[in-house]
Amino acid sequence: MLDPALLRGQLAETAQRLATRGYILDTAAFQAIETQRKQVQTQTQEWQNLRNTRSKAIGASKAKGEDTAALMAEVAGIGDRLKENESQLAQIQDRLAALAQGIPNLPHESVPVGSDETANVEQHRWGTPRVFDFAVRDHVELGARKGWLDGDAGVKLSGARFTVLRGELARLHRALAQFMLDLHTGEHGYLECNIPLIVNADTMQGTGQLPKFEEDLFATQVGDTRRYLIPTADVSLTNLVREDILEATALPLRMTAHSLCFRAEAGSYGRDTRGMIRQHQFEKVELVSITQAVDSFAEHEHMTRCAEIVLERLGLPYRRMLLCTGDMGFSATKTFDLEVWLPSQNTYREISSCSNCTDFQARRMRARWRNPENGKPELVHTLNGSGVAVGRALIAVMENYQNADGSIAVPEPLRVYMGGAQCIV
RNA sequence: GGAGAGGUGGCAGAGUGGUCGAAUGCGCCGGAUUCGAAAUCCGGUUUACGGUUUUACCGUAACGUGGGUUCGAAUCCCACCCUCUCCGCCA
C-alpha cells in the first residue's frame with residue numbers, strides 16, 4: 001500500500017508517477033470518495049463523543065442517586081443516527097481500502113520509464129560466453145540422454161509444466177541448492193530459515209499476492225479453510241515480521257530459505273513450454289532483508305551482489321538489468337534482474353530478480369521498527385531477491401558445462417556436494 | 001477423530017454493566033540517592049486513525065474476530081477463529 005498521505009496531499013503527482021508503470025489512477029473518483037470519507041468520519045466521531053460524554057453523565061448521576069430521566073431523554077435517538085453513520089463510514093473505508101490495495105508501488109526516480117522489457121537497461125556483464133567446437137545441445141536433449149530429465153513422467157503424474165529429475169542430475173540440482181544456502185549463510189550473513197509452503201490469506205495479502213493476483217496461485221481447501229501455496233519464499237520470510245515492532249539492533253534482518261515455489265502461470269500459456277524453464281513447481285533459494293528506510297537502497301545493491309556472487313562462483317556468464325517502470329512487479333519500487341547466459345538460446349535468460357519494496361509491503365503488514373531517537377515506531381523497508389532460482393541454475397550449468405559426448409562437467413564449488421565428482425556422465 | 005482448558009498492555013495477572021485504555025507485580029526509560037554500583041524512592045512507559053493553529057494539542061477506536069442487547073460492554077447474549085493439554089493416529 002502507498003502512503004495515504006501521498007494520495008491525499010499529492011494526488012495528481014502520484015497519479016502521474018503511477019502512470020509511468022502503466023497504472024491509471026482515477027483521481028476524480030478517488031478525490032470524491034476521500035472527501036466523503038473525511039466528512040462522514042468527522043461527523044461519526046462527533047456523535048461518538050456526544051454519546052460517550054452523555055453516557056458518562058448518566059453513570060455519574062446515577063451514582064449520586066439522582067433522577068436520570070432527563071439525561072436519558074437527551075440521548076434518545078443518538079444511537080440510531082450513530083449506527084447509520086458508522087456503517088456508512090465502514091462502507092466508505094472498505095471502498096478506499098479496496099482501491100488502495102490495488103495500487104502498485106511508486107517507481108523510484110532512478111528507474112527508467114518504459115512499457116515492457118525492451119526498455120530495461122543493462123548495468124553490467126560478467127564472464128565470457130564459451131565458444132563451443134561442437135553443436136550445443138539444450139538442457140532437454142542433455143537431460144533426455146540418461147533419463148535424467150523426464151518431462152513425460154511429469155505430465156503423467158501431474159500435467160504440463162511438471163518434470164521428474166533422476167540420478168546424477170537430481171543430485172546436481174540438490175547440490176546447487178546446498179551450495180547457495182551455504183554461501184549465503186556462511187559468507188553473506190543471512191539467517192537460514194525453513195518456512196511453511198502453505199500459508200493463509202493474511203500472509204498472501206501482506207506481501208501483495210492477494211487480493212489482486214489470486215489466479216496466479218495454487219490453493220488448498222480443507223473444510224472451509226482456504227490456504228495458498230507460496231509462489232516464492234519471500235512470502236513466508238517477509239511475513240515473519242508482520243505486525244511486529246522490531247528493535248533497531250535487529251536491523252538489517254537478513255534471512256534466506258531454500259524452498260519449493262508454486263505458480264499457476266496463468267497467462268503464460270505457450271511461453272517456455274519446452275523443458276524446465278517455466279514450471280508450476282520449482283525450487284529457489286530466496287534472500288530477504290528487513291531494513292530501516294535510510295538503508296534500503298544500499299541493501300538492495302548488497303543483496304543483488306550476493307546473488308551475482310552465486311553465478312560468479314559457478315562460472316556462469318550473466319548480465320545485470322535494471323527493470324523499467326513497466327516491467328516491475330506490483331510491490332517493487334526498483335528491481336534488478338540477473339540474466340544468465342544460455343548457449344542453446346544464444347541469449348541471456350532471467351535467473352534472479354532482486355527488488356526493493358520500500359515501505360509498500362510493510363504498510364500492509366504493519367511491520368515496523370522502533371527508532372531510539374524518538375521512541376516512535378516507523379515502517380521498515382522490505383527487500384527480496386532470488387539467490388538464485390535453482391531449476392534455472394541447473395539448466396545453465398547443464399548447457400554451459402556440456403561436453404561433446406553429452407556429459408556435464410561439475411563446477412568446482414559443487415563437487416563437494418557431489419561426492420567429489422568432476423563430471424556427470 | 002475423542003475429551004478438556006484458555007485467549008486482557010512487552011511479560012505475568014486482576015477486573016462480571018458506569019470517569020476502566022484498564023489494578024498490581026515484573027521488565028523498560030528518565031530522575032533522586034551513591035565515589036560508582038546494588039538496594040531503595042519518585043516520575044514515566046500501548047497502538048492505530050482522524051482533526052487542528054502540526055517537534056504540540058484535541059478527539060475517536062482497540063481487552064481473539066464478527067454480530068446482538070443497552071443511554072453505556074473487557075464485563076451480558078449469539079456465532080466464528082485461534083492457541084494449549086491429554087488420548088488416538090501419524091513422518
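Letters A, B, ... are given to chains in the order of the sequence lines, protein chains preceding strands, and every chain is numbered from 1. Hydrogens, waters and symmetry mates are skipped; everything else that's a heavy atom, side chains included, is used. Treat the numbers as computed from the prediction; the structure is a model and nothing was measured.
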Participant: Determine the Euclidean distance between corresponding C1' atoms of B/G64 and B/A5; express it in Å to zero decimal places.
Facilitator: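 It works out to 16 Å between them.
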
Participant: So which nucleotide does B/C20 pair with, by the Watson-Crick or G-U wobble rule with both distances under 3.5 Å?
Facilitator: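 Its partner: none found.
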
Participant: Taking only the P atom of each, what is the distance from B/G17 to B/U85 in whole angstrom?
Facilitator: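 Taking atom P in both B/G17 and B/U85, they lie 34 Å apart.
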
Participant: Suppose we define a pair by two distances each less than 3.5 Å, Watson-Crick or G-U wobble; what does B/C90 pair with here?
Facilitator: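 WC or wobble partner does not exist here.
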
Participant: Using heavy-atom distances to pick each residue's nearest nucleotide on RNA chain B, tell me which of A/Glu86 and A/Thr42 is more 5'.
Facilitator: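 On the 5' side of the pair lies A/Thr42.
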
Participant: In whole Å, what is the span from the CD atom of A/Glu247 to the P atom of B/G10?
Facilitator: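 Between P of B/G10 and CD of A/Glu247: 12 Å.
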
Participant: With salt bridge (charged side-chain N to carboxylate O under 4.0 Å, His left out) as the test, would you mind laying out the steps for A/Glu308 and A/Arg305 before giving the verdict?
Facilitator: CA-CA 5 Å; A/Glu308 286 177 344; A/Arg305 272 306 295 157; 2.6 Å; yes

Participant: If you count every heavy atom of other residues, nucleotides or ligands that lies below 6.0 Å from A/Gln16 atom CD, does the total exceed 12?
Facilitator: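 Counting neighbours around CD of A/Gln16, 12 or fewer heavy atoms of other residues, nucleotides or ligands fall under 6.0 Å, so no.
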
Participant: According to a strict under-4.0 Å criterion, is A/Arg368 in side-chain N/O contact with OP1 or OP2 of B/U47?
Facilitator: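 It does not, given that no N or O in the side chain of A/Arg368 lies less than 4.0 Å from OP1 or OP2 of B/U47.
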
Participant: Taking CD from A/Gln93 and C1' from B/U60, how many angstroms apart are they, rounded to a whole number?
Facilitator: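 Answer to the nearest Å: 11 Å.
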
Participant: Could you state the atom-to-atom distance from CG of A/Leu96 to P of B/G50 in whole Å?
Facilitator: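 Taking atom P of B/G50 as the reference, CG of A/Leu96 is at 11 Å.
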
Participant: Does NZ or CZ of A/Arg51 fall inside the cone over A/Trp47's six-membered ring, less than 6.0 Å from its centre and within 45° of the axis?
Facilitator: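 Verdict for A/Trp47: no cation-pi partner in A/Arg51.
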
Participant: Can you check whether A/Glu286's main-chain N or O pairs, donor with acceptor, with A/Thr256's side chain at less than 3.5 Å?
Facilitator: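 Confirmed, A/Thr256 side chain pairs with A/Glu286 backbone.
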
Participant: Looking at every strand, decide which applies to A/Arg370 at a 4.0 Å heavy-atom threshold: base, sugar-phosphate, or nothing.
Facilitator: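 Touches sugar-phosphate only.
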
Participant: Rounded to whole angstrom units, what separation is found between the CZ atom of A/Arg363 and the C1' atom of B/U47?
Facilitator: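 These atoms are roughly 16 Å apart.
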
Participant: For A/Leu89 and B/C49, what is the distance between atoms CG and C1' respectively, to the nearest whole Å?
Facilitator: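 Whole-Å distance recorded here is 10 Å.
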
Participant: A/Ile245 has a side chain; which of B/G72, B/U47, B/U60 sits nearest to it?
Facilitator: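 So the nucleotide nearest the side chain must be B/U47.
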
Participant: Pair A/Arg349, A/Asp272 - check salt bridge (charged side-chain N to carboxylate O under 4.0 Å, His left out), show working.
Facilitator: CA-CA 11 Å; A/Arg349 290 299 306 260; A/Asp272 302 316; 3.1 Å; yes

Participant: Tell me: CG of A/Leu82 to P of B/U69, nearest whole Å?
Facilitator: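 So the CG-P distance, A/Leu82 to B/U69, works out to 13 Å.
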
Participant: Within this structure, what is the CG-to-C1' distance between A/Asp202 and B/U65, rounded to whole angstrom?
Facilitator: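 To the nearest whole Å, that distance equals 11 Å.
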
Participant: Taking only side-chain N and O atoms of A/Lys56, does any of them lie within less than 4.0 angstrom of OP1 or OP2 on B/G72?
Facilitator: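 No.
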
Participant: In terms of the nearest nucleotide of RNA chain B, which residue is placed more toward the 5' end: A/Glu34 or A/Lys83?
Facilitator: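 Result: A/Glu34.
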
Participant: Rounded to whole angstrom, note down the P distance from B/U75 over to B/G15.
Facilitator: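 It comes out at 15 Å once rounded to the nearest Å.
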
Participant: What integer number of Å spans the C1' atoms of B/U34 and B/A23?
Facilitator: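 The same atom, C1', in both gives a distance of 33 Å.
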
Participant: Are side-chain N/O atoms of A/Asn105 and A/Ser331 paired as donor and acceptor at under 3.5 Å?
Facilitator: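 No, no side-chain donor-acceptor pair sits under 3.5 Å.
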
Participant: Can you tell me the pairing partner of B/G7 across any strand shown, Watson-Crick or G-U wobble, with both distances under 3.5 angstrom?
Facilitator: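 By the stated definition (distances under 3.5 Å), B/C81 pairs with B/G7.
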
Participant: Could you tell me how far B/U33 sits from B/C42 if I compare only their P atoms? Round to whole Å.
Facilitator: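 Roughly 15 Å separates the two P atoms.
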
Participant: Looking only at atom C1', what distance separates B/A61 and B/A22, rounded to whole Å?
Facilitator: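 Comparing C1' positions in B/A61 and B/A22 gives a spacing of 15 Å.
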
Participant: For B/A61 and A/Arg51 - does any side-chain N or O of the residue sit under 4.0 Å from the phosphate oxygens OP1/OP2?
Facilitator: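 For B/A61, OP1 or OP2 has a side-chain N or O of A/Arg51 closer than 4.0 Å.
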
Participant: Give none if B/U70 has no partner; otherwise give the nucleotide forming a Watson-Crick or G-U wobble pair with it, both distances under 3.5 Å.
Facilitator: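 Paired with no nucleotide.
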
Participant: Between A/Trp369 (CH2) and B/U47 (P), how many Å, whole number?
Facilitator: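 Distance check: A/Trp369 CH2 to B/U47 P gives 14 Å.
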
Participant: We want to know whether A/Asn356 and A/Ser296 form a side-chain donor-acceptor pair, criterion being a heavy-atom distance below 3.5 angstrom.
Facilitator: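 There is such a pair between these side chains.
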
Participant: May I ask which nucleotide in the shown strands pairs with B/C41, Watson-Crick or G-U wobble, both distances under 3.5 Å?
Facilitator: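 The answer is B/G31, by the H-bond criterion.
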
Participant: In whole Å, what separates the P atom of B/G67 from that of B/C63?
Facilitator: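 Roughly 12 Å separates the two P atoms.
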
Participant: When rounded to the nearest Å, what value does the distance between C1' atoms of B/U8 and B/A14 take?
Facilitator: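 Nearest-Å result for B/U8 against B/A14 at atom C1': 10 Å.
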
Participant: For B/U55, which nucleotide is its Watson-Crick or G-U wobble mate, given both distances must be under 3.5 Å?
Facilitator: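 B/U55 is unpaired by these criteria.
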
Participant: With a 3.5 Å limit on both atom pairs, tell me what B/U46 is paired to, counting Watson-Crick and G-U wobble, or say none.
Facilitator: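 Across all strands, the one nucleotide that pairs with B/U46 is B/A62.
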
Participant: If only side-chain N and O atoms of A/Asn52 are considered, is one of them under 4.0 Å from the OP1 or OP2 phosphate oxygen of B/G72?
Facilitator: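 It does not, given that no N or O in the side chain of A/Asn52 lies less than 4.0 Å from OP1 or OP2 of B/G72.
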
Participant: Please check if the distance between the ring centroids of A/Phe360 and A/His381 is under 6.0 Å.
Facilitator: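 For A/Phe360 and A/His381, the ring centres are not under 6.0 Å apart.
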
Participant: Examine B/U60: is either OP1 or OP2 under 4.0 Å from a nitrogen or oxygen in the side chain of A/Asn49? Give yes or no.
Facilitator: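 The answer is yes; a side-chain N or O of A/Asn49 sits under 4.0 Å from OP1 or OP2.
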
Participant: Which nucleotide, if any, forms a Watson-Crick or G-U wobble pair with B/U75, using both distances under 3.5 Å?
Facilitator: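 Across all strands, not a single nucleotide pairs with B/U75.
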
Participant: For A/Arg366, report the nucleic acid contact type (base, sugar-phosphate, nothing); a contact means any heavy atom under 4.0 Å.
Facilitator: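 It contacts nothing in the nucleic acid.
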
